[in-house]
Amino acid sequence: MVRIMPIASTLRPSLTCCSSLKLSSTAARFSLPLSPSSFNPSRRRLSFLHLGSAASQPQNFGLKAPKFLREGSNRVVAATENIVQENTSPTQDDLLEWVKKDNRRMLHVVYRVGDLEKTIKFYTECFGMKLLRKRDIPEEKYTNAFLGYGPEDSHFVIELTYNYGVDKYDIGTAFGHFGIVVEDVAKTVELIKAKGGNVTREPGPVKGGKTVIAFVEDPDGYKFELLEREPTPEPLCQVMLRVGDLDRSIAFYEKAFGMELLRKRDNPEYKYTIAMMGYGPEDKSAVIELTYNYGVTEYEKGNAYAQIAIGTDDVYKTAEAVRLAGGKITREPGPLPGINTKITACLDPDGWKTVFVDNVDLLKELE
């Protein structure tokens, strides 16, 4: 049973759009300037480019330089450009290699609900989760609750956000569902029905496979896929998001996030393809399921789902890697006011938001 805290990814999303969310305790405050110590190879590149520009435009005061001087100047420019490439390319390669070795895992997923107590009751009674932590922030007019199947320092958990006076949100068409592993899908579905839950897909084998699944909705309309599998250390096992270009997304998550493509499956009969991305095998860790529906390149995101938080050993290097991979940094890396937990936030090519949290700072915060 997962437990969620307002740590580095506690967002307090705005009611108008995801990008204006406020992170409750950590991920909710994204407005710090870039730290002077941040890793920025582009600065070194800029200095070399300035040098090359100066060499290529000598002032001759109306006199034409001898041919051997002009050729020498061209050689200086060419040499300078080579220096730029030789000094920046290895740095970029090293940075992207570092991403693969960084100590990363999915920490929690954040989204908004209209009735916090009702949702907590549903998750604990129907899904068997535990309420790990709850925090009210009256000055900001919101409350957070963290739920899951184990401690936050070792499990993927849910962070619910309730904004005072807001009882309904638009989930949109882009968000898919959450996945939960259970030992007996049929038994779990009967329990959910008894508690008044909404079952949208009765238990049965997945299309084109043998795994028994079912789909249910929570009180806010978020869909949960129940998967019948052997017991796992990470029952909250997946988050499904729809994307407009699957290959582009796979390349981004591999390069910028350091995730591994665990498997990819095309379903031409139903006109969709999925890709499982993560930091470990599906039976032992939480993963992101990217779904591409044939011919659909854009979706409505609504204002309900917020973001996923991922742990990292260095938010500054992480931000540079995201930029190199073509991602957009929405919160420059640096410590959060008051608690000094370092974070950075970004958007993937489809606009899905992710917050990276410093691993050491997170552990200190949990203490």
Side-chain angles (χ1 to χ4, degrees), residues 1-4 106 108-115 118-132 145-150 155-160 171-242 262-263 265 267 270 272-278 280-291 293 304-305 308:
M1 295 134 175
V2 187
R3 161 184 105 172
I4 313 171
M106 291 169 59
H108 52 260
V109 61
V110 187
Y111 52 99
R112 306 168 186 84
V113 297
D115 187 329
K118 186 176 181 180
T119 303
I120 291 173
K121 180 178 175 65
F122 186 85
Y123 287 10
T124 54
E125 294 184 356
C126 296
F127 295 152
M129 294 184 186
K130 291 181 180 179
L131 175 61
L132 306 172
F146 297 82
L147 298 98
Y149 296 100
H155 288 73
F156 184 55
V157 302
I158 290 173
E159 177 184 337
L160 302 176
I171 295 178
T173 60
F175 172 78
H177 62 261
F178 303 108
I180 296 179
V181 172
V182 298
E183 293 186 54
D184 190 324
V185 168
K187 185 177 180 179
T188 303
V189 166
E190 289 305 313
L191 173 62
I192 292 173
K193 286 181 178 179
K195 297 292 182 179
N198 182 28
V199 177
T200 59
R201 200 270 201 191
E202 293 290 339
V206 65
K207 295 177 180 178
K210 297 180 179 179
T211 302
V212 176
I213 67 168
F215 276 91
V216 301
E217 289 184 349
D218 76 357
D220 289 273
Y222 290 101
K223 287 183 172 58
F224 283 78
E225 180 182 16
L226 306 177
L227 301 100
E228 190 165 286
R229 295 179 185 169
E230 293 298 319
T232 171
E234 199 71 278
L236 182 61
C237 63
Q238 64 181 232
V239 177
M240 192 275 261
L241 305 173
R242 297 184 176 92
L262 303 173
R263 66 185 173 94
R265 187 179 78 235
N267 296 277
Y270 301 103
Y272 75 91
T273 307
I274 64 170
M276 296 295 190
M277 309 292 298
E282 291 181 64
D283 60 343
K284 292 184 174 62
S285 59
V287 300
I288 295 177
E289 177 183 342
L290 301 176
T291 297
N293 292 300
Y305 174 86
I308 288 176

With a cut-off of 3.5 Å and sequence neighbours excluded, list every side-chain donor-acceptor pair involving residues 187-194.
| residue | atom | partner | partner atom | Å |
| --- | --- | --- | --- | --- |
| Thr188 | OG1 | Asp184 | O | 2.9 |
| Lys193 | NZ | Glu202 | OE1 | 3.3 |
| Lys193 | NZ | Glu202 | OE2 | 3.1 |

Work out which heavy atom in [X] is nearest to a heavy atom in [Y]; give both atom names and the distance.
X      : Y      : answer
Pro203 : Ala186 : CG-CA, 3.9 Å
Leu227 : Gly179 : CD1-CA, 4.1 Å
Asp220 : Gly114 : OD1-N, 2.8 Å
Val185 : Val212 : CG2-O, 3.7 Å

Heavy-atom side-chain contact between [X] and [Y] under 4.5 Å:
X      : Y      : answer
Tyr272 : Arg265 : yes
Arg242 : Asn293 : yes
Val239 : Phe175 : yes

Report task. Apply side-chain contact (heavy atoms from CB on, under 4.5 Å) to Leu236 and Ile180, showing your working. Result -> CA-CA 5 Å; Leu236 182 61; Ile180 296 179; 4.2 Å; yes
Report summary line: Only residue of Lys130, Lys118, Lys195 satisfying salt bridge (charged side-chain N to carboxylate O under 4.0 Å, His left out) with Glu125 is Lys195
Query raised in the report: Can we call the ring centroids of Tyr111 and Tyr305 under 6.0 Å apart?
Result: no
Report task. Give a yes or no on whether the ring-centroid distance for Tyr222 and Tyr123 is below 6.0 angstrom. Result -> no
Query raised in the report: Does Phe156 offer a backbone N or O that forms a donor-acceptor pair with the side chain of Glu234 under 3.5 Å?
Result: yes
Query raised in the report: Ignoring hydrogens and geometry, is there a side-chain-to-backbone donor-acceptor pair from Arg201 to Glu225 under 3.5 Å?
Result: no
Quick one: [atom1] on [X] to [atom2] on [Y], what's the gap to the nearest 0.5 Å?
X      : Y      : atom1 : atom2 : result
Leu241 : Thr291 : CG    : OG1   : 8.0 Å
Thr200 : Glu217 : OG1   : CD    : 5.5 Å
Glu183 : Glu230 : CD    : CD    : 7.5 Å

Requested in this report: State which residues pass side chain to side chain contact (heavy atoms under 4.5 Å, CB included) with Leu262; sequence neighbours excluded, sorted by chain then number.
Outcome: Glu260, Met276, Glu282, Val287
Query raised in the report: Should the ring pair Phe224 and Phe178 be called parallel, tilted or perpendicular, given that the plane angle runs from 0 to 90° and is split at 30 and 60?
Result: tilted
Query raised in the report: Yes or no on side-chain contact (heavy atoms from CB on, under 4.5 Å) for Phe127 and Val216, after CA distance, side-chain angles and deciding distance?
Result: CA-CA 11 Å; Phe127 295 152; Val216 301; 4.0 Å; yes
Query raised in the report: In chain order, what residues pass the ring-ring contact (aromatic ring centres under 6.0 Å, His included) check against Phe215, with sequence neighbours excluded?
Result: His177
